[in-house]
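Remarks on the structure that follows.
Computed from a predicted model, the values in this text were never measured in an experiment. The first residue in the sequence is number 1, and the count goes up from there.
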Amino acid sequence: MSEERGVFEWLMMIGSLGGLGSIVVGIYRWLVKPKLIINLDDNAAISYSENTGNSIALKMSFLAERKGAVVKRLKVTLTHKSGAAKILVGEYINEHFGDSSVSSNGANLSIRNAKFQKMLGLFVSTNYFSDRTVFFIDKEFLESNNKLITSLTDKILFYKKTCCDLMEIKKAKEYIDIIDNFNKSQYWREGHYNGLVFIESNGKEKKKSFCFDLSEKDLEVLNQNREIYARNFEKFVFNNLNDETKEGYKDVYCILMDCHKVS
């Protein structure tokens with residue numbers, strides 16, 4: 001007899017003595033812990049940008065047994081074949097609510113219903129598998145980058161009082177430090193990676209393993225983000241110097257790849 005069934009039968013026996021069946025059921029539900037089932041998709045996407053640093057997006061399916069569960073935190077540890085390691089934190093989710101169909105000019109159009117939001121906690125139902133794409137970001141890079149940008153912002157305020165020459169600011173140590181920090185902080189290298197997803201839910205931690213490989217061609221694409229960042233950041237500084245709100249920033253590249261589940 002399982003421990004769970006034994007507790008339930010013991011409670012029902014006590015409840016039957018006083019006709020307190022509904023109360024017993026409530027106590028049982030309170031005592032029973034949810035069991036979380038998690039599946040990883042075979043595809044993932046990685047990128048490197050000023051908004052996320054090193055990042056990986058994993059499509060995951062969640063289902064709870066016994067009763068609903070709440071996922072409080074998600075993180076990924078990555079280890080390159082060289083031994084270099086990186087921790088990425090689950091910060092955003094894109095939840096898929098299914099597809100719907102609408103008619104337009106006599107044609108049926110399929111619409112993917114999804115919601116992108118900051119992850120503040122994730123409720124997992126017992127009724128169905130829910131698909132969510134989780135975006136894991138590099139908070140270590142973001143913290144260092146934000147400090148450097150704060151220093152440069154003070155420098156820009158000084159330059160706005162004396163001159164508005166973009167070329168002069170690009171020579172400033174604060175400006176150079178930001179570009180160097182972005183280039184040096186890229187974690188992605190050619191070769192094999194092992195990954196481990198940590199899922200914290202209801203006081204317990206569950207793990208899922210995966211692995212993937214990056215080719216030399218993949219790195220060539222990702223390295224283009226360095227040039228994109230340099231141009232975007234120059235535009236950002238120019239807009240701040242001239243109090244312009246126009247953006248005109250170029251999107252960064254990401255790599256879609258096969259993600260092999262280990263466990």
Would you say that I199 contacts K207 through its side chain, given a criterion of any heavy-atom pair below 4.5 Å between the two side chains? no
Could you check whether any side-chain heavy atom of V76 comes within less than 4.5 Å of a side-chain heavy atom of L58, counting everything from C-beta outward? yes
Should L74 and F198 count as side-chain neighbours, where that means a heavy-atom distance under 4.5 Å? no
Checking the side chain of N54 only, and the main-chain atoms of S185 only, is there a donor and an acceptor separated by less than 3.5 Å? yes
Would you check if there is a donor-acceptor pair between the side chains of T52 and S49 at a distance under 3.5 Å? yes
Checking N145 side chain against F141 main chain: does a donor-acceptor pair fall under 3.5 Å? no
Residues which pass side-chain hydrogen bond (donor to acceptor under 3.5 Å, both in side chains) with S215, listed by chain and number, not counting sequence neighbours: D218
d(E234 CD, I179 CD1) to nearest 0.5 Å is 9.0 Å
Y229 and F182 aromatic ring geometry - parallel, tilted or perpendicular at 30°/60° bounds: parallel
Taking V70's backbone N and O only, do any of them form a donor-acceptor pair with S201's side chain (distance below 3.5 Å, no angle check)? yes
Please check if any side-chain donor atom of N223 sits under 3.5 Å from a side-chain acceptor atom of Q186, or the reverse. yes
Does a sphere of radius 6.0 Å around CD in E174 hold more than 12 heavy atoms from other residues, nucleotides or ligands, not counting ones at 6.0 Å or beyond? yes
Is there a path from Y48 to V89 through hydrophobic residues (I, L, V, M, F, W, Y) whose side chains come within less than 4.5 Å of each other? no
Can any side-chain N or O of Y92 pair as donor or acceptor with the backbone N or O of F136 at less than 3.5 Å? no
Under 3.5 Å, side chain of K208 to main-chain N/O of I38, donor-acceptor pair present? yes
Please say which of T153, D180, I178 ends up in a side chain to side chain contact (heavy atoms under 4.5 Å, CB included) with L148. I178
Do N194 and T79 have a side chain donor and acceptor closer than 3.5 Å? no
Should E168 and K171 count as an ion pair when the cut-off is N to O under 4.0 Å? yes
Enclosure of E216 CD (heavy-atom neighbours >12, cutoff 6.0 Å): no
